[in-house]
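For reference, the structure is listed below as structure tokens.
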Amino acid sequence: FERNGYIGAAIVAGIPALTALTFYNKGMNEGGKGINIPALPKFGGEDGEGPSLSMADVKKYGVSGTVAYILTELAFWAVAFPVASTALYQSSGHWPDVIND
């Protein structure tokens, strides 16, 4: 197995490029405006200036909102910490030391 920079670049840049091309073609077919990316629903302020998700929104949904918030945070940290730890290990050669100063 040999590393190939061209293949790696094609994989990293090719998938987003194909996705953008798909949205561009779909936008041209539907309205002629090019890229037509669907908007995600927003929480919080209606004018778009407020936070996208506030604690009032979580409390508004009661127990289910709290459970959803907790699961979202757990999913984030379950992915973010291992990725950040691996990135540190790959760049510096040692794992994060969170116990000792």
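- Counting side-chain heavy-atom gaps under 4.5 Å among Ile, Leu, Val, Met, Phe, Trp and Tyr, the cluster of Val79 also holds Val83.
- For Thr86, the side-chain contact (heavy atoms from CB on, under 4.5 Å) partners two or more places apart in sequence, or in a different chain, are Gln90, Trp95.
- Listed by chain and number, the hydrophobic cluster partners of Val63 are Val67, Leu71, where partners are ILVMFWY side chains within reach of under 4.5 Å, directly or through others.
- Applying the side-chain contact (heavy atoms from CB on, under 4.5 Å) criterion to Ser92, with sequence neighbours excluded, gives Leu88, His94.
- Think of Phe81 as one node in a network of Ile, Leu, Val, Met, Phe, Trp and Tyr side chains linked at under 4.5 Å; it has no links at all.
- Through side-chain heavy atoms spaced under 4.5 Å, either directly or across other Ile, Leu, Val, Met, Phe, Trp or Tyr residues, Leu74 is tied to Ile70.
- Partners of Leu21 under the side-chain contact (heavy atoms from CB on, under 4.5 Å) rule, at least two apart in sequence or in another chain, are Asn25.
- By the side-chain contact (heavy atoms from CB on, under 4.5 Å) test, Ala13 is found to be paired with no residue, residues two or more places apart in sequence or in another chain being considered.
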